[in-house]
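Values in this document were obtained by computation on a predicted structure and should not be read as measured data. Letters go in sequence order (proteins before strands), and every chain restarts at 1.
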Amino acid sequence: ETGVTQTPRHLVMGMTNKKSLKCEQHLGHNAMYWYKQSAKKPLELMFVYSLEERVENNSVPSRFSPECPNSSHLFLHLHTLQPEDSALYLCASSQDKGWAEQYFGPGTRLTVT
Amino acid sequence: QKEVEQNSGPLSVPEGAIASLNCTYSDRGSQSFFWYRQYSGKSPELIMSIYSNGDKEDGRFTAQLNKASQYVSLLIRDSQPSDSATYLCAVRTSRGSTLGRLYFGRGTQLTVWP
């Protein structure tokens, strides 16, 4: 596979469930990002990892928990979400932590019921 | 104050026309500017980056940057129905704790009709 991949592509979960989103980049990049995209709102940066170290946590509620086991993989663990968390969750990567050109995965469409 | 502002549109142009998409930003020290295209139900795709004042051309796309006016635009020549998408402007900041962070506008929805 090439580029940035994400699984699952669609997810429906109840407010008491626990699930995880997965992202994998095949570009040899050193930085990875989680964004949230809601209708009629700009892309919101959630987390940034550089060389497996979290360098930014953008005031995200603790019900979202990121994990970066290596520079190619990024997870977003979800638990006790709220309906307003329903959105498109996008993973991106860039060459380095200098925040250069970012390349996005296809996203996970999350619906919280 | 919003970091990056775009007209939400929709912008509608006939096939073959020039589509002009505009973006303003608040951080005067910003150095890097990007345009992403997002088709409905898909993720953003990087189509242009520009770093210095003036024009940058890539095929039918031209990015224009005016740092004095804090303004960046994207022109699409000979617009095609396949160009119909939402175009996101992104600006890389230069200040403080958010150094280097990308800020996105809400996007402008473009429709090219045959």
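- Proximity to chain B (any heavy atom under 4.5 Å) is shown, for Glu44(A), by neither the backbone nor the side chain.
- When all heavy atoms are compared, the tightest approach of Phe104(B) to Pro42(A) is O-CB, 3.4 Å.
- For Ile18(B), the CD1 atom is loosely surrounded, since the number of other residues' heavy atoms within 6.0 Å does not exceed 12.
- Counting only distance, with no hydrogens or angles, the side chain of Ser43(B) and the backbone of Gly105(A) share a donor-acceptor pair below 3.5 Å.
- When hydrophobic clusters are built by joining Ile, Leu, Val, Met, Phe, Trp and Tyr residues whose side-chain heavy atoms come closer than 4.5 Å, directly or via intermediates, Phe61(B) is grouped together with Leu21(B).
- Residue Asn30(A) qualifies as enclosed at atom CG: its count of foreign heavy atoms under 6.0 Å is above 12.
- At least one side-chain heavy atom of Glu101(A) sits less than 4.5 Å from a side-chain heavy atom of Phe34(B).
- Of all heavy-atom pairs between Gln38(B) and Leu88(A), the closest is NE2-CD2, 4.2 Å.
- For Lys56(B), the NZ atom counts as densely surrounded, since its 6.0 Å shell holds more than 12 non-hydrogen atoms of other residues, nucleotides or ligands.
- Hydrophobic clustering of Ile, Leu, Val, Met, Phe, Trp and Tyr side chains at less than 4.5 Å, counting indirect connections, unites Met48(B) with Phe33(B).
- Annotation: the span from Leu45(A) atom CG to Leu102(B) atom CG amounts to 8.5 Å, rounded to 0.5 Å.
- A single hydrophobic cluster is not seen to contain both Tyr103(A) and Met46(A); linkage of ILVMFWY side chains at heavy-atom distances under 4.5 Å, directly or through other members, places them apart.
- Neither the backbone nor the side chain of Gln109(B) comes within less than 4.5 Å of any heavy atom of chain A.
- Contact record, Tyr36(B) with Gln102(A): OH-O, 2.7 Å, taken as the closest heavy-atom pair.
- Interface remark: Leu90(A) contributes side-chain atoms only to the contact with chain B (heavy atom separation under 4.5 Å).
- Linking ILVMFWY residues whenever their side-chain heavy atoms come closer than 4.5 Å, directly or via other members, places Leu88(B) and Val4(A) in the same cluster.
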